[in-house]
Every structure is written in C-alpha cells, then in structure tokens.
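Down below is the structure, laid out as structure tokens.
Note that the structure is a prediction, hence the values are computed from the model and not measured. Below, chain A is the first sequence line, B the second, and so on; all start at residue 1.
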Amino acid sequence: MKTEQIAKSYEPEQVEKKWYAYWEENGLFRGEAVSDKPAYCIVIPPPNVTGTLHMGHALNNTLQDILCRYKKMKGYNVLWQPGTDHAGIATQNVVERDLAAKGADRHSVGRDRFIALVWEWREKYGGLIINQLKRLGCCCDWSRERFTMDEGLSRAVREVFVRLYEEGLVYRGDYIINWCPRCHTALADLEVEHHDTESRLYYIRYPFQDKEGHLTVATTRPETLLGDTAVAVNPNDDRYSHLSNTHVLLPILGKPIPVIFDPYVDTTFGTGALKITPAHDPNDFEIGNTHHLERIKVIDENGVMNEMAGPYQGMDRFECRDKIVADLEQKGLLEKIEPYQNAVGHCYRCKTMIEPLLSKQWFVKTGSLGKAASNAVRAGKTRILPANWEGVYYEWMDNIRDWCVSRQIWWGHRIPAWYCQSCGAVHVAKEAPARCSACNSEDLVQETDVLDTWFSSALWPFSTLGWPDTTPELNTFYPTSALVTGFDILFFWVARMMMMGIHFMGDIPFKDVYIHALVRDAHGKKMSKSKGNVIDPLAVMDRFGTDAFRFTLAALAAQGRDIKLSEERILGYRHFVNKIWNAARFALMNLKEEPQQPKDGSYTLADRWILTRIGQVSRKISGFIEAYQFNEAAGLVYQFVWHELCDWYLEMAKQALYGEDGPVKDAARSVVHTALAAALKLLHPFMPFVTEEIWQRLPGTNESIMIAPFPQDDEFPADEAALQEMELLMGVIAAIRNIRGEMNIPPSKNVHVVIETASDRDEGILTRNLAHIRTLAKVDEASIGQGLAKPDKSATAVFQQTSVHVILKGLIDFKEEERRVAKEIGKTRKELEASQKKLSNKGFLEKAPEEIVAEVRARADSLSVRLTKLKQNLSLLEALDE
RNA sequence: AGGCGGGUAGCUCAGCGGGAGAGCAUCGGCCUUACAAGCCGGGGGUCACGGGUUCAAAUCCCGUUCCGCCUACCA
C-alpha cells in the first residue's frame, strides 16, 4: 500500500469504509472491564430505535467521538457505551401505522401478538441508526451495545420500580394527568408542548339559585361547565364578598353549585369569577381538593362527551363546545365572546390537543430524589457546562413535581404490579406472585400500563454496565466521565439520571455534563420535516465526506450558541481536508522510507520553528478539548496546519529537500515526517478517516493512529529564538510580497531588494535565510546590511526595525507608490496616536499593570520608528517628482 | 408573566477588561514541479442604541430596543 500512487485529491468513500472495518476488526473500540490504564467512559444518549440520523445526532456523536478518540490517544481505557432506546410511544405509533395500512389495529391483533410485531419491526429496522453512527465514524464499543428492552435492562427497571415502591417513592393515585386522546395515554408534564393558540373567552351567566341575577364567569372551555362543581372568587374581592353561602345554577343542567372563596383566583382576569371543574383542569383539581369538591368527569378517553354530559353525550369535545355555546346563546346566558390568545397543551408526539383528565396513574415521588440531584451539582460533584445551564437545572429541580410514569400503551416495560381480583390488594414485585398474600387468591391480574420510556433511560449509566449485578464494568466505569447532550433533554433525561444514579448507586452518574447547541438551518430556524428545511447528514457525508462534515460541526460548536449550518461552510472544510491530503502527498513524495534521527546541528531555522510550534499548539489543543471548547480546538488546528505548516514550513523545507546538503536534507526529511505525523494526530479526533489513511501510508507506522500517543509539548523543543527569528524573516518576506501585490508585479518577474537592518542580529538572521527570501518573495539580487541607503526608484516597507526597499525601476508608476506609502503613514499614525494617548495618561501609567505599560511603550516605539521611516520614504518619492 | 441567549465586516460567526478577528463572498495578480478544492496581495466594521463603572470597555453594570428559545396552573 505504501508504494502505490497517491491520488491528486482525496476520495472519501472507499477510505471511510475500509478504515471503519479495520478499526472494528482490530478491536480498537473496546473498553476493558479491567485495566491498568485510567478509565474514561461516556454513555451515549440512546437514540430512538425508530430514529434515523439527524443533525442533532450528528453533532452530539461527533463531539463524543472527539472526546473518546482524544482520550484513547492520551492513553486512557476508553469505553463509549452505545445502545438504543425502545421509544415507547414513537415505536408503537410506527407499528400501528403499519397495521392500519393493512386495515388492522393493535386491538384486533391483541397485546401479545402486537408486542411480537414490534420486536419483529425492531429486528428489521432497529439497526438503521446504529449503522448511521458507524458511518459517522463513532468509536463506540459495539460489543457492548444495549437496548432498553433487553432482558438485563428490563431486570434493572423492575428492580428499581419495586425498590422505589417499597421505599414509598412510587405510588398510585387519582390525579389530573395530561391525556392524549389520540395516543390514548397519559403524558408527563414535560411531554406536553404549549402552543400559543387563537381562542375565545366566553362570558357565561350562572344564575343565582335563590335570587334574581347571576354571576358571570369567563372561560375558554365552555364544554367543561357540565362538570363544574363550584364557582370560585377571590376572598378579597369586594365585588363578591356578599356571596358567601350562595349557590348558583349550572347553566343547561340547572344543578345548584356553591360559590367558594379561594385566593388562587385572579381578581383582574375576566370577571374575577372562575368556574371549577376538578376532573378536567389541573388547577381546578387542586382547588377541588382543598374545598372537598366532587369530581365529575364529562369527557372520556376518546375526547368524547360521556354519560355525565346529559344531552351532549356522544359528541366530540369540540363539537360539544359549539353546541353548548349555541344553547347558552339561545337561553340568554351568553354575555359575550372575546377573542383571546392562550397557550394550549399539545401532545409532543402527535400534536393533538391535550385533555386534562382525572385518572389513576403511577407516580414517582420526586421530592427527596430531586433534592439530592440538585445538591450534587451544588456541591460540585457533577459539573454542568456551560455553567449557565446549572441555573436552568436548579430552577427545574427546585420546582419539580411528581413524575407520572404510567403510560397506557403496550410497548414498554409493563409495570410489575398485580391486582387481586378477589380482595383488591395490590402487589408490586419483581416476578409475578403466585397468590395474593392478603386473601390467598390465585386470581391476580397484572397492571396493563407500561412505564414511561424515560424511566428506563434514567437508569442507562448503570443498567448498561450490568446493574443490578455487581460487575467489573461498574467498578471501572461508574461514575462515568462525561455526558454529552442537548439542552432539550436536560430535564427529561439528565435530571432523572442524576436522581436514579444517586439513589441506587450512591454516587453521581457522571462527572461532567456538557450541553451542546442545537443545529439549525442557515437562517437559524429549527430544522423540521414539516418546514422542509432539514439537511440530511447522510447526504452531506455523501457529498463532502465524513471528515469534512465532522470538522464543520466541531468548528461551529461554540459554547452557548446554536449552530447555523450551511453547505458553503462544509464545502470550505472539504477544501481543508483536501489541503491536508495534498500536504501529505508532498511529504510522502519526499519520504520513501522512514528518516533517520538527524544530527543536532543540521536543523534549519524553519525546522526549529515548526517543532516548537507543534509543541505549543498541541498543548493548547489539549486544553481546548478538555474544556469542551471544540470550536477553539478546531480553529487552532486549522490555522496551524494550513497557515503555518503548509504555507510556511513546507515551502521553506523545499529548500533543504531539493538542495544538496546531505545532513540538512536528512534533518528536513525527519522534521517533515515528525510534523506531518503530529498534525495527523492533532487532527485525528476531528477527522478520523483521512488521518488514518495518510498515517497508514507514512513510513515507519504500522499500528492505527487511533492508538498513537497524542502530541505533548514536552516532546518538542521550546526554542524561543527560533520563534523570534522566524517572525523577522516572515515579516520581511510579507513586506516584499505586499509591495509586489500592491504594485501588481506578476510572480514571474523577480525583483531586486535592499534590506536595511538595524542590528547585527537582524542582519545575520536575514543573511542566513536569504535563500528563503529569494524563493518566497521572488527576489533575485539582494543586499542586506546596516546603513544601506534607499535606492532610487524603489518602494519601501518597514517591519519592526528593518526597512525593505524593493527596486521598481521601470516596473511601476511612482504616483501609485506615493499613494501606497501615504496610506501606510495614515494607518501607522492612527495606531501610534492611540498608544501615545495611553502613555500620556497619568492614570494609565500609575494604575495599569507594569507589563501592559511596557507593552504599549514598546509598541509606540516601534510604531514611531516605522512612521519616521515611512515619512522619509515619502519625501524621497516626492523628490523624484520634481 | 418569568428566565435564558443573541444583535461585531456583504453573509455565517469567534473574541467577552488592555493593539477589532476568522471562514465564505468580493477586488487585483498568478496554472510557481503537494494542492486552481490552489498560491500571493488588497478593500471592507461609530462591535444595536443610551447612560454608568474603570487609567482603559466590543468585553463589566444599568436602561432602551429588536430577534430567538425555554419554563409557567390567569381561567
């Protein structure tokens, strides 16, 4: 392979397939249950088994992969624990749709058969997203892949449920829940989306029972009045204080209900009188409890009016609303209708309007669990980054309500509770009890509800590692090192893992939680199928290659800001991949075999400089990755590889590589090898494929780059002198290039220069590196020295203490040069004035730190030298005119 | 209603107390033997607005305004 011809541009397709297979076959993704190395573990946010890879997944998993690959190269025993989530409602919906297409439904096939069908579906399609993660390059340990419905994880779920029940932290009770009449299940508060809705406020008259007149209430839901059991007013509301012990008649039904006093009622809203429907509104439910009101359900599980709705029985809830409004109107009980905007709850899955409904559900008591989870962050045991999310986390945790965990669907972990049909006793146990412990009956029926999918996800960091058994994996990897996720599931998932992890493992589930941004479209809109603005990551990878795509995500992943993804940006980073490819091509042409370690004295300035820079850059990149500053790390490696390694070092190395000096040539070959190898290693976490492809072609490598040690600054020299010398050399070359560019001198035309230096040191540096000045600035004749005069017909640039005169005899218009110099003078003067203003400020001199003052002073000195030289230059030019 | 984030070059965004930056776009010069998916150079910004703190503010504080998001039990 190392001898074959290298293509002129990088072709990702074959390369990506080849190396992913290679990594997997060689067990490079494996985390060891027992190891001498320090452990590093991330559990993947399990994607829905029904899911396909979207931009959010792509970003989320790219970041995790960067961390894991980096840590592997740093010598850690890394486990990236993968798996999928059974996604109760979503998955059930998919299979139900299949059935519906065949004219069947789940009830016609029955529960057992239906569940078998879901498993079949999962076998067939459930691996889709896993393969897509592989396509992305994820280094997950696939030998440990888990599924939340696996036997082991199901055992963990039962264990947790039973133990919580025994500890009194799980209970069953009547409660107003969020009911989706289409999905036919309860939803947790979090699963309800509130949308601003144009609705109406109906003012309805409730006549007094024993006297003339009426009390007007305002409501958005007139159909629920059939279930009203009181009208509430604020005890401090003077308008209504005379109404104690009064009853009003429920319109249409004519039933007397009491007027009650409750401080909850807002006197400024509507009429200040609130109808109370405890069975169909969460607030009314609470008020109903304090006032011991009857709860009358008038709407059923299908969103249809039931037998308690009298004449409206059998009507859909919205149909009933229209009818009831018409009837009220007719009876003169409708005072007015006002347009109104309010936030109405919708099912997060199917967008159906939620019906608050009274029903019996299972709840997890969150008080003590939430407190512990909150305290763990306060105590700094778990860090949430960026830190502003901590506040959001506390806000939620401190106002947490009990968690409704039962779902009236079939696909999921069936709640391990059995009801005795003879005596009504409830048994919660890990396995089905044979008989009722209260009455000895064998007639036990299991609860039909299943658990919220997030219940099993909450156990993910320890259930995937083998809990409730004591396993070496738990011992090695728990608490896990980091969790990487989007803020949209901070409450759904992160908070609940914290609660469960602390309660059952006695320790936090992860040390760091890194919250990353949302990926939006180029205009900042959330990507959604309905808007049609989704960019499919797989299509992006097809077009641009996985490495370019991953690098783009990393480069845009600034903390605390959403990512606006555009194709232009990805294209730009594809160019970068190609740049790397070509730099490698160049290097490999000069590295037929692994170079020998060079003799000490043979290093050129460029060699010493690039080696020093690698050390510095490596250290900074490590720091950025460890601080989750992916964009900084990506930005630095980009600018280093392209603008330092390629633009300067490789160009300068050509001198040595194409030259005749044996030892210098050997040194350059060795440094090219070292620098390329280091660059590949720095890039590998971001661009796994192209780096492996090049690495494997590099002489002297045989193992995967995945396990090559990440560059460390102490492996490289810290040659301050080389940095300073290079700065001068680059500055002089840039100065000449600048004049050439401004004067439109074509690259084919070489120029003569006179370089006027201010010290022996500068003269020495430039003289020694004259060959570089010649090639990189297209110079033929050059003289360098102190006290040299500006030649006639020349343009001058000043860098630090050095004046660079480019002889332009016959090449250019000197009016043009005058304008150029005048412009430079203007710029320099402006900068100088800013510095001088500071230095003439007494406060600055007295109060600013010394090193800042020194810095400004040095800047002012150098600017003033520059200004003088530019001015001299200008007057010489003006003299030419005369 | 409360909370959070944002308004910096034409576009997308970094920077968040001491010389206004990047990528793309744009303009000019180049097919220079790794790369035209490239090389060299240039132009372009009262850092939303108004106050304040400071020797020093794009950066910290207060206010205004315009976007975006999250949370919420005013029917």
Output the single nucleotide from [options] whose closest atom is nearest the side chain of [X].
| X | options | answer |
| --- | --- | --- |
| A:Asn841 | B:G29, B:C55, B:A37 | B:C55 |
| A:Arg585 | B:C35, B:C40, B:U32 | B:C35 |
| A:Lys654 | B:G41, B:A34, B:A75 | B:A34 |
| A:Glu742 | B:C35, B:G42, B:A75 | B:G42 |
| A:Ala558 | B:A75, B:A14, B:G18 | B:A14 |
| A:Lys847 | B:C55, B:C35, B:A75 | B:C55 |
| A:Phe269 | B:A75, B:G42, B:A34 | B:A75 |
| A:Phe844 | B:G18, B:A37, B:A34 | B:G18 |
| A:Tyr658 | B:A37, B:C73, B:A34 | B:A34 |
| A:Arg737 | B:U32, B:C73, B:G41 | B:G41 |

Please give the nucleotide sitting opposite [N] as a Watson-Crick or G-U wobble pair, both distances under 3.5 Å, or none.
| N | answer |
| --- | --- |
| B:G63 | B:C49 |
| B:U71 | B:A1 |
| B:G44 | none |
| B:C39 | B:G29 |
| B:A14 | none |
| B:A9 | none |

Below 4.0 Å: OP1/OP2 of [N] and any side-chain N or O of [X]:
| X | N | answer |
| --- | --- | --- |
| A:Trp642 | B:C39 | yes |
| A:Arg859 | B:G19 | yes |
| A:His280 | B:A75 | no |
| A:Asn738 | B:G42 | yes |
| A:Lys838 | B:G19 | yes |
| A:Lys579 | B:C39 | yes |
| A:Lys823 | B:G42 | no |
| A:Lys827 | B:G43 | yes |
| A:Lys830 | B:G19 | no |
| A:His575 | B:C35 | no |
| A:Tyr203 | B:A75 | no |

Could you give the [atom1]-to-[atom2] distance, from [X] to [N], as a whole number of Å?
| X | N | atom1 | atom2 | result |
| --- | --- | --- | --- | --- |
| A:Asp647 | B:C35 | CG | C1' | 11 Å |
| A:Arg221 | B:A75 | CZ | C1' | 11 Å |
| A:Glu632 | B:C13 | CD | P | 16 Å |
| A:Glu193 | B:U71 | CD | P | 9 Å |
| A:Arg401 | B:A72 | CZ | P | 8 Å |
| A:Trp396 | B:U71 | CH2 | C1' | 10 Å |
| A:Asp262 | B:C73 | CG | P | 17 Å |
| A:Leu845 | B:U54 | CG | C1' | 16 Å |

Would you indicate what [X] reaches in the nucleic acid, counting non-hydrogen atoms under 4.0 angstrom: base, sugar-phosphate, or nothing?
| X | value |
| --- | --- |
| A:Thr219 | sugar-phosphate |
| A:Phe576 | nothing |
| A:Gly272 | base |
| A:Tyr340 | sugar-phosphate |
| A:Lys275 | nothing |

Let me spell it out: for each of A:Ser862 and A:Arg740, pick the nucleotide of RNA chain B with the closest heavy atom. Which residue's pick is nearer the 5' end?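 Upstream on the strand: A:Ser862.
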
Using the closest heavy atom to pick a nucleotide of RNA chain B for each, name whichever of A:Pro746 or A:Trp389 lands nearer the 5' end.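 The residue whose closest nucleotide sits nearer the 5' end is A:Trp389.
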
From CE (A:Met652) to OG1 (A:Thr775), nearest 0.5 Å: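 Here the rounded value is 8.5 Å.
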
Could you go through the side chain to side chain contact (heavy atoms under 4.5 Å, CB included) check for A:Phe261 and A:Asn234 one step at a time? CA-CA 5 Å; A:Phe261 294 85; A:Asn234 194 296; over 6 Å; no

Distance check, [atom1] atoms only: [N] and [M], in whole angstrom units.
| N | M | atom1 | result |
| --- | --- | --- | --- |
| B:A56 | B:G19 | C1' | 13 Å |
| B:U32 | B:G41 | C1' | 15 Å |
| B:G68 | B:A48 | C1' | 16 Å |
| B:G43 | B:A20 | P | 16 Å |
| B:A9 | B:A58 | P | 15 Å |
| B:C40 | B:C24 | P | 12 Å |
| B:U54 | B:C49 | P | 23 Å |
| B:A72 | B:C13 | C1' | 33 Å |

Quick one: do [X] and [Y] make a salt bridge, cutoff under 4.0 Å?
| X | Y | answer |
| --- | --- | --- |
| A:Lys620 | A:Glu632 | no |
| A:Glu355 | A:Arg221 | yes |
| A:Glu338 | A:Arg200 | no |

Going by the angle between their ring planes, with limits at 30° and 60°, are A:Phe491 and A:Trp396 parallel, tilted or perpendicular?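 Geometry flag for A:Trp396 against A:Phe491: parallel rings.
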
Would you please indicate yes or no on a ring centroid separation below 6.0 angstrom for A:Phe630 and A:Phe624?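 Ring centroids of A:Phe624 and A:Phe630 are no less than 6.0 Å from each other.
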
Run the ring-centre check on A:Tyr573 versus A:Tyr638 and record whether the distance is less than 6.0 Å.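 For A:Tyr573 and A:Tyr638, the ring centres are under 6.0 Å apart.
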
Measuring only between side-chain heavy atoms, which start at C-beta, is A:Arg669 closer than 4.5 Å to A:Leu657?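 Yes, close enough: below the 4.5 Å cut-off.
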
Only one of A:Tyr10, A:Phe689, A:Phe576 clears ring-ring contact (aromatic ring centres under 6.0 Å, His included) with A:Trp581; which?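 The single option meeting the ring-ring contact (aromatic ring centres under 6.0 Å, His included) with A:Trp581 is A:Tyr10.
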
